[in-house]
Amino acid sequence: MIGTMESMTAATVEAAAVRAALLEHGHKPGALLPVLHHLQDELGYVPRAAVPQLADALNLSRAEVYGVLTFYHHFRSEPGGRHRVQVCRAESCRALGGEQLLAHVRERLGCPGADAGADGRFTVEPVYCLGLCASSPALAVDGRPYARMTPQRFERVLAQLAETGE
Ligand code: FES
């Protein structure tokens, strides 16, 4: 029963966010991306169940909406952990240890794949350039970028998060 109530609440929150996104951006030309960004910012993901409603409202096919949603790594279609760690896998970072950094972060946070770790605290996502190529390797935590990242520096970032009680 509790599970049903929780999912009803999540569905209600998602529906309200979709309505608000369409109200704010739906009338604009090329509205799909602003709508998706709105939902990603508001919910932390774009609910897959919203694809038919978005397609109808924006006069697009479901395939078009789904194609854009899955093309951009920025958009998630499932809820993630409370903190989002994005590790750069683009060329400059790769050349300077980005892959080892990603492996370290995944292991350290217990997030081997795209899903949140068991404690729901973190989600680890590969990204393709954070604009810090001259100071690779780079990652971002909850949108805040960190350059010249090492396992030791990452520990300090985690310690700062812990100090804020998050
Ligand atoms: S290649 Fe990693 S920040 Fe640009």
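Just so you know, ligand 1 is whichever comes first in the structure, and atom 1 is the first atom listed for that ligand. All values derive from a computational prediction rather than experimental measurement. Heavy atoms only: backbone and side chains are in, while hydrogens, waters and symmetry mates are out.
Among the backbone and side-chain atoms of C88, an N/O/S atom is found under 2.8 Å from atom 2 (Fe) of ligand 1. Counting backbone and side-chain atoms alike, C133 contributes no N/O/S atom closer than 2.8 Å to atom 2 (Fe) of ligand 1.
Near L132, meaning under 4.0 Å from any of its heavy atoms, are these atoms of ligand 1: 3 (S). Heavy-atom contacts of S92 reach the following atoms of ligand 1: 1 (S) (cutoff under 4.0 Å). Of all atoms in ligand 1, numbered sequentially from 1 with element shown, those under 4.0 Å from a heavy atom of G131 are 3 (S).
In this structure, E107 places its CD atom where only 12 or fewer heavy-atom neighbours from other residues, nucleotides or ligands lie under 6.0 Å away. Environment of OH in Y128: crowded, with over 12 heavy atoms of neighbouring residues, nucleotides or ligands closer than 6.0 Å.
In terms of modelled atom types and a separation under 3.5 Å, the side chain of R153 and the main chain of A147 share a donor-acceptor contact. Side-chain atoms of R84 do not come within 3.5 Å of backbone N or O of D142 as any donor-acceptor pair.
Of the listed residues (G98, P137, C93, A147), the one carrying the non-hydrogen atom nearest atom 2 (Fe) of ligand 1 is C93.
The CZ atom of R156 lies 8.5 Å from the CE atom of M149; values are rounded to the nearest 0.5 Å.
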